[in-house]
Amino acid sequence: MKTLKNLLIGGIAMAAISTMGAFQSDACSRVMYKGLDSLFVIGRSLDWKTPIPTNIYIYPRGMQKVSSDQPKHLTWTSKYGAVYAVSYDGGITEGMNEKGLVINGLFCKGTVYNDDKASDKTQMSLAVFVAWLLDQCATTDEVTDLLRKADFAIQGATFDGGTVSALHWGVTDASGKSVIFEFDHGKINIYEMGDYLAMTNDPYWPQMTAIIDYWNKKGGQNTLPGTVSSPDRCVRANYFAHHVKAVDDPDLAVAICRSVIVNSCVPYTYEIPGQPELSSTQWRTYSVPCNLRYYFELITNPGYYYVDLNRVNLSKGAPVMKLDTSKTSDLVGDATRRLMPVKPFTPMY
C-alpha cells in the first residue's frame, strides 16, 4: 500500500511533468561528471534564441570591487584570482577561481529576486554577483555561509533589450560538493545536490528532484524522456552522468562530460512552429577544478579550447587578461597563449 509521502511525491512529479510544455525556452543545462579520486568536470550549456557574445576574462587577486553603482552597495577586495565568462563584455555568467570553485548561472523563469523592501536594501548587480562569490570563497560551504549572511537586493536584472535575466545557480568546489541556490521574493533558498548530478531551468529544484526520482524509478535503461523541455533534459543528463565510466584522465573526463551534456542540449537552429522563444545552444563550457583548466566551446567553431589558470599570473597587481572568443575559430586545445592584457570590463549595472 502506498504511503501518503509516496503519493505526494508522485503527485508533484506528475503535475510537473504535465506542464513540461511550458519549460521549453532558456534551455541551459549543467552536469557534473565524477571521475576517479578527486577528478570532477562541471559542464554547462548556454542556450538563447540569438547568439550571446561571451568573452573569457581572467582577474588577479587583490582587486577592489563594488556591487553596484548605487549609493548603497557592497565593497570587497578579491582574495582569489578567477576566470569569468563575461557576456556582452558587461556581465559575468559563470566562472572558476584558483581554488577550483565553480559557479554557473542558468535561467529559471520562476525566479523573483526581490521583496517589496528591495529599494531600501544594499544593491547587488547581477553583472558582478558571481565575482562577489568567486573572489571571496574557496569552497561551497563558504558560498553558503556568505549567502546566508547577505541582505541585498538584486539590481540590473535585464539584458538583450529588456529581457528579464531570471537565474538560479549551481555551485561546485574542488571536493565535488555541490549546491543549488534560488531566489524567491527576497529569500535565498539553498539546496544540497547530494547524488543529483544535473540541473537545468524550471521548475524550482524541489519539484525538479521529484521529476528525476520519478524517472529513476521507471528505469532509465529502458525509457528516458526525449524532448527539449527543461525537466526532460535534466533527467537525461542526470541519468547518463551516473552511468558513464569513471576515469582518472582529465582530458578523457572532459570528453565524457561533453558527450553527456551534448545529449541534453537543444540542437543549434532547432525551432518549433509557434514557439519563437525556444532557445538553442550557443556555447558550452567545461571547468576542471583539479587542474584549473576552463574550456570554452562555441557551437559554430570546429573545436574547443581551454585556458590554464596555473599558467596565468594571478598575483596582486597583475593585469586583467582577456580572450576574445569571436577571434578563436582556429583554436583547439591550449589557448592560454592567446590571452591579452586589457582594462577591466565595465559592468552593466
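We're numbering straight along the sequence, starting at 1.
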Is there a path of hydrophobic side-chain contacts, each under 4.5 Å between heavy atoms, that joins [X] and [Y]?
X: Val83; Y: Met340; answer: no
X: Tyr294; Y: Val312; answer: yes
X: Ile52; Y: Met348; answer: yes
X: Tyr80; Y: Leu339; answer: no
X: Val179; Y: Leu146; answer: yes

Under 3.5 Å, side chain of [X] to main-chain N/O of [Y], donor-acceptor pair present?
X: Ser78; Y: Met63; result: yes
X: Glu182; Y: Ile190; result: no
X: Thr111; Y: Leu167; result: yes
X: Thr75; Y: Val66; result: no
X: Arg236; Y: Asn263; result: yes
X: His168; Y: Asp202; result: no
X: Asn55; Y: Thr325; result: yes
X: Asn189; Y: Asp184; result: no
X: Asn301; Y: Gly303; result: no
X: Gln136; Y: Trp132; result: yes

Side chains of [X] and [Y]: closer than 4.5 Å at any heavy-atom pair?
X: Thr223; Y: Trp215; result: yes
X: Val332; Y: Tyr304; result: no
X: Leu126; Y: Ile154; result: yes
X: Arg284; Y: Val262; result: yes
X: Arg258; Y: Val260; result: no
X: Ile58; Y: Val320; result: no
X: Gln155; Y: Met124; result: no
X: Met321; Y: Val342; result: no

Could you walk me through whether Tyr239 and Gln221 pass the side chain to side chain donor-acceptor pair (under 3.5 Å) check?
-> CA-CA 9 Å; Tyr239 172 78; Gln221 184 175 354; 5.1 Å; no
Among all residues two or more places apart in sequence or in another chain, which pass the side chain to side chain donor-acceptor pair (under 3.5 Å) test with [X]?
X: Asp195; value: His242
X: Thr140; value: Asp173
X: Asp135; value: Lys65, Trp76, Tyr84
X: Tyr305; value: Thr328

Looking at Ser45, Ser264, Ser29, which one forms a side-chain hydrogen bond (donor to acceptor under 3.5 Å, both in side chains) with Arg233?
->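 The passing option is Ser29.
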About how many Å separate [atom2] of [Y] and [atom1] of [X], when rounded to the nearest 0.5 Å?
X: Ile56; Y: Asp324; atom1: CD1; atom2: CG; answer: 10.0 Å
X: Ser279; Y: Lys49; atom1: OG; atom2: NZ; answer: 7.5 Å
X: Gln282; Y: Glu297; atom1: CD; atom2: CD; answer: 12.5 Å
X: Arg30; Y: Ile261; atom1: CZ; atom2: CD1; answer: 9.5 Å
X: Tyr196; Y: Met193; atom1: OH; atom2: CE; answer: 9.5 Å
X: Leu323; Y: Arg337; atom1: CG; atom2: CZ; answer: 9.5 Å

Verify side-chain contact (heavy atoms from CB on, under 4.5 Å) between Leu224 and Phe240, making sure each step is shown before the conclusion.
-> CA-CA 10 Å; Leu224 283 171; Phe240 285 113; 3.8 Å; yes
Give me the atom names and distance for the closest heavy-atom approach of [X] to [Y].
X: Ala138; Y: Lys99; result: CB-CG, 3.8 Å
X: Asn291; Y: Asp308; result: O-OD1, 3.7 Å
X: Ala241; Y: Val31; result: CB-CG2, 3.6 Å
X: Gly43; Y: Cys257; result: N-SG, 3.6 Å
X: Thr281; Y: Cys265; result: OG1-CB, 3.2 Å
X: Thr122; Y: Asp151; result: CB-O, 4.1 Å

Scan Phe183, Phe129, Phe152 and name whichever one has a ring-ring contact (aromatic ring centres under 6.0 Å, His included) with Tyr113.
->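 So the option named by the test is Phe183.
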Pair Trp169-Ile180, side-chain contact (heavy atoms from CB on, under 4.5 Å): steps then yes or no = CA-CA 6 Å; Trp169 287 265; Ile180 289 173; over 6 Å; no
Test log, rule side chain to side chain donor-acceptor pair (under 3.5 Å), inputs Asp232 and Thr227 | CA-CA 6 Å; Asp232 282 14; Thr227 77; 2.6 Å; yes
Kindly state each residue pair satisfying salt bridge (charged side-chain N to carboxylate O under 4.0 Å, His left out) with at least one member in residues 83-95, sequence neighbours excluded.
->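 Every salt bridge (charged side-chain N to carboxylate O under 4.0 Å, His left out) pair that includes a residue of residues 83-95, provided the two are not neighbours, is Arg44-Glu94, Asp89-Lys322.
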N/O donor to acceptor pairs below 3.5 angstrom from side-chain atoms of residues 32-42, sequence neighbours left out:
| from | atom 1 | to | atom 2 | distance (Å) |
| --- | --- | --- | --- | --- |
| Tyr33 | OH | Lys245 | O | 2.6 |
| Tyr33 | OH | Val247 | N | 2.9 |

More than 12 heavy atoms of other groups within 6.0 Å of Lys121 NZ =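 Check passes, neighbour count above 12.
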Tell me whether the centres of the aromatic rings in Phe296 and Trp283 are closer together than 6.0 Å.
->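 So the answer is yes for these two rings.
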Using the benzene-type ring in the case of Trp, are the ring centres of Trp48 and Phe107 under 6.0 Å apart?
->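 That pair passes the under 6.0 Å test.
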Residue pair Arg338, Asp330: steps toward the salt bridge (charged side-chain N to carboxylate O under 4.0 Å, His left out) verdict | CA-CA 11 Å; Arg338 293 282 288 268; Asp330 61 325; 3.5 Å; yes
When you look at Thr93 and Ser87, which way does the side chain to side chain donor-acceptor pair (under 3.5 Å) test go after all the steps?
-> CA-CA 7 Å; Thr93 302; Ser87 295; 2.9 Å; yes
